[in-house]
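The basis for the numbers below is simple: all heavy atoms, side chains too, and nothing from hydrogens, waters or symmetry mates. Note that the numbering runs from 1 along the sequence shown for the chain. Since this is a predicted model, take the numbers as computed values, not measurements.
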Amino acid sequence: MKTEHILIIRFSAIGDVAMTVPVVYSLATQYPDLRITMLSRPFARPLFENLAPNVGFMEADIKGEYRGIKGLNALYRRLLAKNFTAIADLHNVLRSDYLRLRFNFNQFKVAHINKHRAERKRLTQHKNKVLEPIQSSIDNYAEVFRELGYPITNTFTTLLTPEEASLRLLPEAIGEKKPFQQWIGIAPFAAHKGKAYPLSMMEKVISGLVQRHPSCRIFLFGGGQRERQLLDEVAKRIDNCTVVPAVVHGLRNELILMSHLDVMVSMDSANMHLASLVATPVVSVWGATHPYAGFMGWNQKMDNAVQLDMPCRPCSIFGNKPCLHGDYACLTGIKPDAIINKVEQII
């Protein structure tokens with residue numbers, strides 16, 4: 001009898017890939033005899049390589065080795081040799097659509113995510129907006145597996161065991177957490193302007209937290225070189241700040257640090273999802289986007305979302321559209337104290 005072997009496809013940004021983890025974990029633990037291969041971009045490997053014994057990770061450089069139709073055909077031939085019995089497309093974009101088409105043509109069992117585009121359009125339209133929650137991405141992922149014959153109950157709690165989350169695995173600059181200290185993460189950046197709280201205002205949040213908790217440690221998270229420079233400048237102006245990318249390297253180590261935070265302050269961005277994977281409470285800040293679009297972090301509370309009620313919100317699912325009024329008031333109108341007070345409620 002042929003062993004059941006499912007291929008899961010999700011490329012995209014790290015936050016979107018991170019949202020698949022609770023569902024893949026639940027699938028793996030509830031179907032331990034099922035072989036699972038996660039196909040994604042190389043950066044996602046730390047999220048899956050120790051997730052469960054029956055989960056494997058396969059990376060695909062879709063902007064290099066597997067770029068274009070020729071590259072996708074080469075990737076398909078490589079995948080075909082793995083003897084999959086089912087294909088779960090959790091992305092549903094041109095690249096995954098093409099791979100799915102080829103598998104479908106060869107009589108594989110195939111299913112893909114429903115992105116509820118009509119509901120998204122009604123949620124973000126300027127006139128006659130329908131401000132109602134859309135099914136979450138995590139539930140959308142689970143539906144794909146149900147369609148393939150693998151209904152699941154989400155049982156995920158955290159990505160790291162206590163042993164895997166030991167602070168001793170991190171550089172000495174992090175050190176041990178003192179019993180009297182609050183460790184607060186600040187992730188002020190996002191891929192699009194419509195999702196990023198102004199850094200000058202976030203500095204006021206940080207200063208306010210340090211004034212209220214003089215013994216706290218503030219960990220500043222960011223990715224690229226420009227972000228690192230901006231964080232370095234903040235750390236020079238405000239005491240108690242540690243620039244994470246300066247001392248902690250690699251996604252796995254960042255997750256370890258996140259697991260010891262009392263709270264993470266994040267935009268609607270990857271760090272919200274990464275902190276959620278290690279069961280850290282997140283105060284999430286929303287501007288052009290909205291939790292109703294289905295991208296709230298796993299197991300996070302809506303009460304911890306900071307946002308303004310405005311007739312134009314949300315104007316975008318991903319935050320990549322220019323502001324209708326040009327001032328991004330949905331973000332600049334959020335007072336620093338509103339964020340500080342949410343953090344205080346948690347710590």
*Answer yes or no: are there more than 12 heavy-atom neighbours, outside Lys115 itself, under 6.0 Å from its atom NZ?*
yes
*Strictly under 6.0 Å, is that where the ring centroids of Phe103 and Phe108 end up?*
yes
*Distance-only donor-acceptor check, side chains Asn320 and Ser316, under 3.5 Å*: yes
*Taking Leu255 as the fixed residue, which of Val248, Thr280, Thr158, Val278 is the one that meets the side-chain contact (heavy atoms from CB on, under 4.5 Å) rule?*
Val278
*How about His112 and Ser96: does a side-chain donor come under 3.5 Å of a side-chain acceptor?*
no
*Which residues satisfy the side-chain hydrogen bond (donor to acceptor under 3.5 Å, both in side chains) test with Glu143, sequence neighbours excluded?*
Gln135
*Aromatic rings Phe48 and Phe57: how do their planes relate, parallel, tilted or perpendicular, breaks at 30° and 60°?*
parallel
*For Arg45, does the CZ atom sit with more than 12 other heavy atoms under 6.0 Å from it, leaving out its own atoms?*
yes
_Residue pair Ser276 / Gln300, side-chain donor-acceptor N/O under 3.5 Å_ = yes
*Say whether Asn54 and Tyr31, considering side chains only, have a donor N or O and an acceptor N or O under 3.5 Å apart.*
no
_Test applied, side-chain contact (heavy atoms from CB on, under 4.5 Å); reference residue, Val234; option that passes from Ile186, Ile218, Leu220_ = Leu220
*Look at the aromatic rings of Phe156 and Tyr25 and report parallel, tilted or perpendicular, splitting at 30° and 60°.*
perpendicular
_Taking CZ in Arg237 as the centre, count heavy atoms belonging to other residues, nucleotides or ligands within less than 6.0 Å. Is the count above 12?_
yes
*Can you list the steps and then say if Asp309 with Arg313 is a salt bridge (Lys or Arg N to Asp or Glu O under 4.0 Å)?*
CA-CA 7 Å; Asp309 290 328; Arg313 282 193 67 240; 5.3 Å; no
*Check whether more than 12 heavy atoms from other residues, nucleotides or ligands sit under 6.0 Å from atom CZ of Arg212, and answer yes or no.*
yes
_Set of residues satisfying ring-ring contact (aromatic ring centres under 6.0 Å, His included) with respect to Phe11, sequence neighbours excluded_ = none
_Testing Arg78, Arg95, Glu59 one by one against Tyr66 for a side-chain hydrogen bond (donor to acceptor under 3.5 Å, both in side chains), which residue passes?_
Arg78
*Would you find more than 12 non-hydrogen atoms of other residues, nucleotides or ligands less than 6.0 Å from Lys177 atom NZ?*
yes
